[in-house]
Amino acid sequence: MREFVAVARESDLTTETALRVEVEGEPVALFNVGGVIYAIADTCSHAEASLSEGWVEDAVVECPLHGARFDLQTGRNLSLPAVTPVAAYDVKVEDGQVLVARRR
Ligand code: FES
């Protein structure tokens, strides 16, 4: 069964910030875009840069290393040089805690 795990306090993730956390040993990037929190795998599918260090616009993150873009809602790769998506996570907030669960 898929379980949500607490990864951060909501107050750690102010608007327009990103945070790198670990979920079951895997790095996950949290993004607060206009008050909506998204979570995708932190490691770029191209050459392993940290997506939490990328630039975000309109729920899309651009990798800081070579510029591949990923949809924050789905993890889908939107541009080269990335040719595969990254994992996406469902997010919920309860009692001030941010919880995530990897999508299957
Ligand atoms: Fe992300 Fe190359 S490492 S685009």
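Numbering of ligands and ligand atoms starts at 1, following listing order.
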Report task. Please find the N/O/S atom of His66 nearest to atom 2 (Fe) of ligand 1 and write down its name. Result -> ND1
Requested in this report: Calculate, to the nearest 0.5 Å, the distance between atoms CZ and SG belonging to Arg69 and Cys44 respectively.
Outcome: 13.0 Å
Report summary line: Of all heavy-atom pairs linking Ala101 and Glu3, the shortest is CB-O, 3.6 Å
Report summary line: Under 4.0 Å between heavy atoms, the region of Pro81 that gets near ligand 1 turns out to be side chain
**Report entry** Atom indices of ligand 1, in the order listed, that fall short of 4.0 Å to a heavy atom of Ala49
**Finding:** 3 (S)
Query - Proximal ligand 1 atoms for Leu65, defined as those under 4.0 Å from one of its heavy atoms - result: 3 (S)
Query raised in the report: What is the nearest protein non-hydrogen atom to atom 3 (S) of ligand 1, stated with its residue, atom name and distance?
Result: Ala47 N, 3.3 Å
Report summary line: Exactly one of Val98, Asp42, Val28 clears side-chain contact (heavy atoms from CB on, under 4.5 Å) with Val21, and that residue is Val28
**Report entry** Within 6.0 Å of CZ in Arg103, more than 12 heavy atoms from elsewhere
**Finding:** yes
Query raised in the report: Any side-chain heavy-atom pair from Arg9 and Gln97 closer than 4.5 angstrom?
Result: yes
**Report entry** Residue part near ligand 1, for Cys44, under 4.0 Å between non-hydrogen atoms
**Finding:** side chain
Report summary line: ligand 1 atoms nearer than 4.0 angstrom to some heavy atom of Ala68 are 4 (S)
Requested in this report: Check whether any side-chain heavy atom of Leu19 lies under 4.5 Å from a side-chain heavy atom of Ser52, and answer yes or no.
Outcome: no
Query raised in the report: Donor-acceptor pair, Glu16 side chain versus Gly34 backbone, under 3.5 Å?
Result: yes
Query - Heteroatom of His46 nearest to atom 2 (Fe) of ligand 1 (N, O or S, atom name) - result: ND1
Query raised in the report: Hey, is Cys63 touching ligand 1 through its side chain, its backbone, both or neither, going by heavy atoms under 4.0 Å?
Result: side chain
